[in-house]
Amino acid sequence: MTDWRQILGRNHVIKKFELCDFTPIYEWHMKEKEKKKNMSTEEKKALKEEKLKQEEKYMWAIVDGVKERMGKLKRRILPSDITINIGKNAPVPECPILGESWKEVKHDNTVTWLAFWNDPINSKEFKYVFLAASSSLKGQSDREKYEKARLLKDYIHGIRAQYTKNFTNKDITMRQIAVATYLIDKLALRSGNEKDDDEADMVGCCTLKIENVALLPPNKIQFDFLGKDSIRYFNTVEVELPVYKAIGQFRSGKKDGQDLFDKLDTSKLNSLMPSLTAKVFCTYNASITLDEMTQREEMNVDLGRAKKGKPPLKDAEGKKKKNLSPEVLERKLLQIDAKMEKLEREKITKEDLKTVALGTSKINYLDPRISVAWCKHHEVLKEKIFNKSLLAKFTWAMDVDPDFRF
DNA sequence: GGAGCGACTTAGTAGACTGCTT
DNA sequence: AAGCAGTCTACTAAGTCGCTCC
């Protein structure tokens with residue numbers, strides 16, 4: 001038997017409980033029990049109070065700005081909460097809890113969910129069990145998403161020309177649509193649905209408030225608002241003068257708390273062109289940028305190959321140690337300077353990227369076929385670019401033609 | 001035509017894991 | 001072996017958006 005208390009080191013893994021000796025704990029526990037048994041009622045009460053006194057400072061929390069449902073404990077979800085969706089002739093999965101049964105068994109092949117239940121805290125909210133990202137069904141819809149964004153390539157110039165023209169349209173709704181579309185296209189803003197929770201201070205494009213948008217003459221706009229997940233969007237952008245003027249008009253005569261785009265909501269924006277929603281712009285802009293950059297890279301590589309006869313880079317570690325001449329020292333100093341400059345640049349890049357969720361783009365906005373095609377061209381293993389789960393998610397993209405362009 | 005519903009995508013986070021340095 | 005920084009993965013909340021119904 002091993003005394004478990006003797007096992008030190010954080011990497012030690014207990015594999016067999018039966019080899020551990022827990023009798024000291026057991027004995028201590030029994031002794032305490034015995035002690036309590038022999039105590040008088042007063043003594044027990046005193047002990048309880050002492051315990052409470054110790055715990056009390058951890059028993060309460062002061063919460064500021066409470067939301068209705070905040071801090072509520074979620075009860076356990078039971079089979080009787082759950083509706084499952086299976087094939088007509090598929091056997092009904094056995095209910096895992098004895099005496100319980102599923103709320104409902106459906107056979108709906110027009111939807112992808114396998115099961116759902118209503119959140120007990122907010123019964124209007126649905127919770128779903130969906131297929132994994134690696135499933136062929138999800139892969140198919142992922143491919144369709146990128147195909148739709150690719151279609152935008154043929155229309156984007158027309159769309160941009162259209163909304164640019166409408167910056168000065170006489171009709172205010174048309175002007176608002178034009179400016180909102182411009183912001184979504186240029187800044188990749190979310191569309192900003194209306195939320196029934198009226199105290200929510202988070203916004204998207206259509207729900208921007210007067211105080212979220214400041215005019216900085218002559219033609220800059222400063223955005224400052226809380227977006228999805230309460231993440232602050234703080235950005236100053238130079239815009240075309242008609243946009244600057246239009247935003248000034250939308251603001252005039254309004255107070256803080258009022259909508260900048262008072263004639264707009266997301267359904268108006270989305271119904272403009274069928275299935276062209278804000279995220280299509282995001283997908284398109286992200287993927288086309290990656291595509292262009294990999295192409296530019298291509299040209300640089302070719303240029304690089306043209307410059308032959310370059311001496312191989314020598315590493316700084318010389319084997320022999322000598323008294324170094326001033327020239328050598330000078331050169332070393334320069335090398336160190338260059339290295340410091342490089343590190344400084346890297347530091348700035350890192351600082352700049354700190355607020356950019358690159359992982360999110362990779363998962364949701366960048367057509368994986370661009371990256372796979374690049375890998376094929378440069379004989380780079382795709383495993384170097386995608387982790388295990390992304391490889392699984394993007395199975396549908398792996399057989400892409402090496403000359404694929406977005 | 002707008003509110004609410006239902007189904008789906010997008011996104012951040014915690015904690016585990018990995019691999020390098022000391 | 002410890003310390004660490006970066007990456008991976010599961011989890012699920014927070015969005016979007018089309019549809020239905022009044």
Side-chain angles (χ1 to χ4, degrees), chain A residues 7-13 67 69-72 74 77 83 85 104 106 108-135 137-146 148-149 173 180 184 188-198 200-207 225-233 263-283 286 346-347 349-350 353-366 383-393:
Chain A
I7 298 167
L8 298 171
R10 67 172 190 143
N11 289 327
H12 187 93
V13 179
K67 291 255 167 65
R69 293 184 287 272
M70 192 184 271
K72 281 200 177 172
K74 204 171 274 193
I77 306 298
T83 302
N85 188 27
E104 207 186 330
K106 282 190 165 191
D108 185 351
N109 63 4
T110 67
V111 293
T112 69
W113 56 267
L114 307 174
F116 90 89
W117 63 92
N118 289 100
D119 185 89
I121 302 289
N122 177 10
S123 57
K124 284 180 190 161
E125 201 181 313
F126 288 66
K127 301 287 187 185
Y128 290 93
V129 175
F130 290 126
L131 288 166
S134 55
S135 64
L137 211 69
K138 289 277 190 192
Q140 193 187 323
S141 81
D142 212 23
R143 181 201 289 272
E144 282 162 10
K145 173 180 79 180
Y146 289 112
K148 191 201 279 179
T173 307
I184 285 169
L189 296 188
R190 270 181 210 90
S191 50
N193 278 312
E194 219 69 54
K195 285 187 278 187
D196 43 18
D197 189 2
D198 47 2
D201 41 7
M202 287 124 229
V203 301
C205 185
C206 290
T207 42
F225 60 89
L226 298 180
K228 181 173 173 175
D229 293 305
S230 293
I231 286 169
R232 189 181 180 197
Y233 183 90
K263 303 275 187 270
L264 271 193
D265 60 59
T266 53
S267 75
K268 274 218 185 65
L269 264 198
N270 288 335
S271 58
L272 221 61
M273 254 169 282
S275 81
L276 180 61
T277 59
K279 77 161 193 171
V280 185
F281 282 99
C282 290
T283 313
E346 283 171 0
K347 190 176 134 196
T349 311
K350 199 168 171 179
L353 287 175
K354 206 168 66 180
T355 55
V356 181
L358 288 177
T360 298
S361 302
K362 202 166 164 183
I363 295 172
N364 297 308
Y365 294 113
L366 299 171
E383 286 78 8
K384 296 272 178 200
I385 295 207
F386 296 123
N387 63 39
K388 211 175 107 204
S389 48
L390 286 184
L391 280 173
K393 179 181 159 107

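Just so we're on the same page: letters track the sequence lines, and every chain starts at 1.
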Legend entry - CA sep, side-chain torsions, deciding dist, call: Asn193(A), Thr266(A), side chain to side chain donor-acceptor pair (under 3.5 Å): CA-CA 6 Å; Asn193(A) 278 312; Thr266(A) 53; 2.5 Å; yes

Inset, instruction - Between Val280(A) and Lys127(A), just flag the one whose closest nucleotide in DNA chain C comes earlier from the 5' side. - result: Lys127(A)

Polar atom pairs between nucleotides 7-10 of chain C and protein, under 3.5 Å, N or O only, would you list them?
unit_1	atom_1	unit_2	atom_2	d
dT9(C)	OP2	Asn387(A)	OD1	3.4
dT9(C)	OP2	Ser389(A)	N	3.3
dT9(C)	OP2	Ser389(A)	OG	3.0

Inset, instruction - Find the distance Ile184(A):CD1 to dG15(C):P and express it as a whole number of Å. - result: 16 Å

Inset, instruction - Starting at atom NZ of Lys195(A), determine the distance to atom C1' of dA14(C), rounded to an integer number of angstrom. - result: 8 Å

Inset, instruction - Ignoring hydrogens and angles, tell me if any N or O in the side chain of Ser123(A) forms a donor-acceptor pair with the backbone of Pro120(A) under 3.5 Å. - result: no

Inset, instruction - Could you tell me whether the side chain of Asn85(A) and the main chain of Ala115(A) form a donor-acceptor pair under 3.5 Å? - result: no

Legend entry - Ring-face cation contact, Phe116(A) with Lys127(A), 6.0 Å cut, 45° max: no

Inset, instruction - Could you tell me the separation between the CG atom of Asn270(A) and the P atom of dG1(B), rounded to a whole number of Å? - result: 17 Å

Legend entry - Rounded distance (Å) that lies between atom C1' of dG4(B) and atom CG of Asp265(A): 14 Å

Inset, instruction - Summarise how protein sits on nucleotides 5-10 of chain B as a single string, 5' to 3': B when a protein heavy atom is under 4.0 Å from the base, S for sugar-phosphate-only contact, - for no contact. - result: SSBBBB

Legend entry - Thr277(A) vs dC17(C): side-chain N/O to OP1/OP2 distance below 4.0 Å: yes

Inset, instruction - Only counting residues at least two apart or in another chain, list the ones meeting side-chain contact (heavy atoms from CB on, under 4.5 Å) with Ala149(A). - result: Val280(A), Thr283(A), Tyr284(A), Phe406(A)

Inset, instruction - Check every strand shown and say whether Gly192(A) touches a base, only sugar-phosphate, or nothing at a heavy-atom separation below 4.0 Å. - result: sugar-phosphate

Inset, instruction - Applying side-chain contact (heavy atoms from CB on, under 4.5 Å), name anything that partners Ile363(A), two or more places apart in sequence or on another chain. - result: Leu390(A), Lys393(A)

Legend entry - Between P of dG2(B) and NZ of Lys263(A), the distance in whole Å: 12 Å

Inset, instruction - Answer yes or no: does a side-chain N or O of Asn193(A) lie under 4.0 Å from OP1 or OP2 of dG15(C)? - result: no

Inset, instruction - Find the distance Glu194(A):CD to dG2(B):P and express it as a whole number of Å. - result: 11 Å

Legend entry - Atom-pair distance (CD1 on Ile231(A); P on dG12(B)), nearest Å: 5 Å

Legend entry - Distance, rounded to the nearest Å, where Glu125(A) contributes CD and dG15(C) contributes C1': 11 Å

Legend entry - Under the side-chain contact (heavy atoms from CB on, under 4.5 Å) test, residues paired with Ile231(A) that sit two or more places apart: Asp229(A)

Inset, instruction - Mind checking ring pair (Phe, Tyr, Trp, His ring centres under 6.0 Å) for Phe386(A) and listing every partner two or more places apart, or none if nothing turns up? - result: Phe394(A)

Inset, instruction - Tell me what Gly227(A) touches on the nucleic acid: a base, only sugar-phosphate, or nothing, going by heavy atoms under 4.0 Å. - result: sugar-phosphate

Legend entry - Under 3.5 Å: donor-acceptor pair, side chain of Lys279(A), backbone of Tyr365(A): no

